[in-house]
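Okay, so here's the structure we're looking at.
The basis for the numbers below is simple: all heavy atoms, side chains too, and nothing from hydrogens, waters or symmetry mates. These numbers were taken from a predicted model, which means no experiment stands behind them.
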Amino acid sequence: MSNDFAEISPKNPRSRNFAEIPKDLAYWTKQEKPLFNDYKWNIPEQKSGYVSILGGNSSSFSATIKIAEELLSSFPIKTAEIILPDALRNNLPPLENTTFLPSTTSGSFGKSPLITQTLEKSNFIFLTGELTKNSETTVALADSLKRIDLPILLARDSLDTLLPEMSSLINHPQLFIFASLAQIQKLLRTLYYPKVLMLSMPLLSVIDTLHKFTLSYPTTLITFHSDEIIIANSGKIITTNISLTNYSPLSLWFGSLATKITALNLYNPKKPLEATAAALF
């Protein structure tokens, strides 16, 4: 089967997923079985790729380190650079491929040109969260990210930290946002988006809103609602019932799925919808 999303349409008899969807919702695919396995086969045998994994503060950093370890153990990533605030420098044993950047007095990332210089070395940037919600960290990270032309994945509480600056980041052409529906609700409100997203909405209404939102902004959204994992990009939607995956509504947010999304998009550039959908299986 072709990897091209255009092949999955009502005109394609092999795409039975569209049989249950009205013609005016042809942008929506229900992934009831893996549709993009070819994207997993694009993972190279030899180690390649450089991922920057940024997160943590002086009180919380374990998820950032665990995600880096999982990325290296599960995929042939050549370099997974852990980027932490230097408030942690004396609290950790020596770690390979770890960079400490200037921190605020509260122990999170502070404003420094080193943020941009460090992130620019990579092929993919993964913000793992564990970031404090102080204005200096928000501005410091946003100022660097908007200058960098690389894929960026925001996971866990990264979106919460960057929310005040999202108007300057949302048009980044390679931005992935993996967030709860409540977080995306705040995102739309922050951007003064004209359609309201409510947590009580039926699935179809949520899909319609995300369809229109991603026609307006070039981001790839990954979220969860009504037992469906939802991926939205360029107005196209793929939903996968969580029961068909190895995830639960709780484990979905632990970091493993975001790690897999990072790897598959690293090795399948310019195919964010398909590579992200492949990561679910």
Side-chain angles (χ1 to χ4, degrees), residues 34 36-56 61-84 96-99 118-131 141 144-145 148-159 161-162 169 172-180 183 218-224 229-233 238 240 245-247 251-281:
F36 305 103
N37 268 340
D38 287 357
Y39 289 87
K40 294 181 182 178
W41 300 338
N42 287 340
I43 296 175
E45 293 183 5
Q46 295 187 340
K47 289 188 175 183
S48 65
Y50 187 134
V51 180
S52 289
I53 304 163
L54 182 148
F61 54 86
S62 60
T64 302
I65 294 173
K66 287 178 182 177
I67 285 170
E69 291 173 347
E70 182 172 352
L71 194 63
L72 285 171
S73 63
S74 301
F75 301 95
I77 303 293
K78 187 173 184 179
T79 303
E81 186 78 12
I82 303 169
I83 303 171
L84 299 169
E96 269 191 73
N97 296 321
T98 302
T99 298
T118 303
L119 294 177
E120 282 179 331
K121 298 175 185 177
S122 62
N123 306 119
F124 201 107
I125 299 166
F126 183 176
L127 270 68
T128 61
E130 299 182 305
L131 302 166
L141 294 178
S144 292
L145 294 174
I148 298 173
D149 186 21
L150 291 168
I152 300 166
L153 174 68
L154 307 182
R156 298 164 65 89
D157 65 2
S158 299
L159 178 60
T161 298
L162 290 168
L169 288 173
H172 189 290
Q174 301 181 76
L175 181 65
F176 296 78
I177 299 176
F178 185 4
S180 70
Q183 289 175 301
T219 186
T220 300
L221 297 178
I222 306 102
T223 191
F224 180 69
I229 302 170
I230 305 169
I231 305 166
N233 173 272
I238 295 177
T240 307
T245 74
N246 291 324
Y247 301 100
S251 69
L252 195 64
W253 312 105
F254 286 174
S256 292
L257 179 54
T259 300
K260 198 170 181 181
I261 289 170
T262 295
L264 289 186
N265 278 283
L266 172 67
Y267 295 128
N268 296 280
K270 300 182 180 179
K271 290 289 185 179
L273 189 74
E274 298 88 337
T276 302
L280 298 180
F281 294 95

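Here the side chains of Ile231 and Leu280 are in contact, with some heavy-atom distance below 4.5 Å. In this structure, His172 and Leu145 have side chains that are not in contact, with every pair of non-hydrogen atoms separated by 4.5 Å or more. When side chains are defined from C-beta on, Leu119 does not count as touching Ile152, because their heavy atoms never get closer than 4.5 Å. Using a 4.5 Å heavy-atom cutoff, the side chains of Gln174 and Pro272 are not in contact.
In terms of heavy-atom proximity, Phe61 sits nearest to Leu84 at CB-CD2, 4.4 Å. Nearest approach of Leu71 to Ala80, heavy atoms of both residues: CD2-CB, 4.3 Å. The two residues Gly55 and Thr128 come nearest to each other via the heavy atoms CA-OG1, 3.6 Å. Between Ala277 and Ile238 the shortest heavy-atom distance is CB-CD1, 3.8 Å. Between Asn123 and Leu150 the shortest heavy-atom distance is O-CD2, 4.0 Å.
No donor-acceptor pair closer than 3.5 Å links the side chain of Thr64 to the backbone N or O of Ser62.
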Evaluate Ile230 against Leu221 for side-chain contact (heavy atoms from CB on, under 4.5 Å), listing each step before the verdict. CA-CA 8 Å; Ile230 305 169; Leu221 297 178; over 6 Å; no

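Applying the side chain to side chain donor-acceptor pair (under 3.5 Å) test to Asn233 and every residue at least two apart in sequence or in another chain returns Thr220. With sequence neighbours excluded, the residues satisfying side chain to side chain contact (heavy atoms under 4.5 Å, CB included) with Ser158 are Leu127, Leu131, Leu154. Ser144 is linked by a side chain to side chain contact (heavy atoms under 4.5 Å, CB included) to Ile115, Thr116, counting only residues two or more places apart in sequence or in another chain. Taking Ser52 as the reference, Ser122 meet the side chain to side chain donor-acceptor pair (under 3.5 Å) condition, with sequence neighbours excluded. Every residue two or more places apart in sequence or in another chain that forms a side chain to side chain donor-acceptor pair (under 3.5 Å) with Ser256 is listed here: Glu70. In this structure, Asn246 has no side chain to side chain donor-acceptor pair (under 3.5 Å) partners at least two apart in sequence or on a different chain. Applying the side chain to side chain contact (heavy atoms under 4.5 Å, CB included) rule to Phe281 yields the partners Gln31, Pro34, Lys40, Thr240, Leu244; only residues at least two apart in sequence or on another chain are considered.
Between the CZ atom of Phe178 and the CG atom of Leu153 there is a distance of 8.0 Å, given to the nearest 0.5 Å. In this structure, Leu169 CG and Leu162 CG are separated by 6.0 Å, a value rounded to the nearest 0.5 Å. Taken to the nearest 0.5 Å, the OG1 atom of Thr223 stands 10.0 Å off from the CD1 atom of Ile229. Taking CZ of Phe254 as the reference point, atom CZ of Arg156 lies at 9.0 Å (rounded to 0.5 Å). Between the CD1 atom of Ile67 and the CD1 atom of Ile53 there is a distance of 7.5 Å, given to the nearest 0.5 Å. Here the straight-line distance linking atom CD1 of Ile177 with atom CD of Gln183 works out to 9.5 Å at 0.5 Å rounding.
Residue pairs meeting the side chain to side chain donor-acceptor pair (under 3.5 Å) criterion with at least one partner in residues 71-82, sequence neighbours excluded, are Glu81-Thr99.
Between Phe124 and Phe176, the ring-plane angle classifies as tilted under the 30° and 60° cut-offs.
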Please list, one pair per line, the donor and acceptor atoms closer than 3.5 Å that link side chains of residues 261-269 to other protein atoms, with sequence neighbours excluded.
| from | atom 1 | to | atom 2 | distance (Å) |
| --- | --- | --- | --- | --- |
| Thr262 | OG1 | Ala258 | O | 2.9 |
| Asn265 | ND2 | Ile261 | O | 2.9 |
| Asn265 | ND2 | Thr276 | OG1 | 3.1 |
| Tyr267 | OH | Ser48 | O | 2.8 |
| Tyr267 | OH | Pro76 | O | 3.0 |
| Asn268 | OD1 | Asn42 | ND2 | 2.5 |
| Asn268 | ND2 | Tyr39 | O | 3.0 |
| Asn268 | ND2 | Leu264 | O | 2.8 |

